[in-house]
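Presented below is the structure to which this report refers.
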Amino acid sequence: MPIIKSAKKRVKVSTKARVRNAKTKRSLRTAIKTFKSSPSAKSHSEANSQIDRALKKGVIHKNKAARLKRRASKNAKASGVKVTKTTKKAPVAKKTASKKK
């Protein structure tokens with residue numbers, strides 16, 4: 001057990017993060033397995049959504065996300081699923097007005 005106050009806090013924070021990451025990973029795996037077992041446009045969309053969510057939260061690497069999405073699209077095409085490609089533009093950061101003194 002940690003003795004130092006900051007070390008105690010790190011244990012709490014890392015425990016929360018571990019649980020959150022495990023939940024994200026589990027939902028990712030479930031979505032991919034669902035798509036593999038019964039490929040459909042909806043399950044493909046859900047799998048891609050979960051991949052993007054895991055990537056955004058930093059649970060998986062960007063190259064792994066790209067690889068998973070590529071494999072899912074390849075499987076969808078092979079099984080005859082019609083997949084519409086949607087491209088989302090990256091959100092533009094709003095500029096905050098600087099305060100005049």
Side-chain angles (χ1 to χ4, degrees):
M1 283 300 296
I3 297 169
I4 299 168
K5 187 176 181 179
S6 61
K8 289 179 184 178
K9 183 176 179 182
R10 283 307 315 160
V11 168
K12 286 181 184 178
V13 170
S14 65
T15 303
K16 283 184 181 180
R18 186 175 64 244
V19 170
R20 188 170 49 245
N21 290 342
K23 183 179 176 184
T24 303
K25 235 179 207 183
R26 171 55 37 210
S27 62
L28 170 67
R29 283 193 218 117
T30 304
I32 291 172
K33 285 179 185 179
T34 303
F35 172 70
K36 283 183 180 179
S37 65
S38 60
S40 68
K42 185 176 180 182
S43 62
H44 181 265
S45 173
E46 179 61 27
N48 277 345
S49 175
Q50 290 297 331
I51 291 169
D52 288 338
R53 194 168 293 144
L55 172 65
K56 181 181 168 187
K57 292 184 176 188
V59 175
I60 61 174
H61 192 268
K62 65 177 184 173
N63 291 355
K64 180 173 183 174
R67 188 175 66 242
L68 290 172
K69 289 175 86 169
R70 186 178 63 239
R71 285 180 184 170
S73 293
K74 186 177 177 183
N75 290 340
K77 187 176 180 182
S79 62
V81 174
K82 296 283 184 186
V83 178
T84 57
K85 190 172 185 178
T86 58
T87 55
K88 291 184 179 179
K89 292 184 179 180
V92 178
K94 294 181 181 178
K95 292 184 179 181
T96 57
S98 59
K99 293 181 180 179
K100 292 184 179 180
K101 292 184 179 181

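All values reported here derive from a predicted model rather than from experimental measurement.
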Could you tabulate the donor-acceptor pairs under 3.5 Å formed by side-chain atoms of residues 6-18, not counting sequence neighbours?
residue : atom : partner : partner atom : Å
S14     : OG   : R10     : O            : 2.9
S14     : OG   : V11     : O            : 3.1
T15     : OG1  : V11     : O            : 2.6

With a cut-off of 3.5 Å and sequence neighbours excluded, list every side-chain donor-acceptor pair involving residues 44-55.
residue : atom : partner : partner atom : Å
E46     : OE2  : Q50     : NE2          : 3.0
Q50     : OE1  : S27     : OG           : 3.1
D52     : OD1  : K69     : NZ           : 2.9
D52     : OD2  : K69     : NZ           : 3.4

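Note: I32 CD1 to S37 OG = 12.0 Å, rounded to the nearest 0.5 Å.
For S40, the side-chain hydrogen bond (donor to acceptor under 3.5 Å, both in side chains) partners are S43, not counting sequence neighbours. By the side-chain contact (heavy atoms from CB on, under 4.5 Å) test, R71 is found to be paired with R67, residues two or more places apart in sequence or in another chain being considered. Under the side-chain contact (heavy atoms from CB on, under 4.5 Å) criterion, K25 pairs with R29, V59, not counting sequence neighbours.
A salt bridge (charged side-chain N to carboxylate O under 4.0 Å, His left out) check over residues 36-45, counting only residues at least two apart or in different chains, returns nothing. Pairs of residues two or more places apart, or lying in two chains, never qualify as ring pair (Phe, Tyr, Trp, His ring centres under 6.0 Å) while including a residue from residues 53-72.
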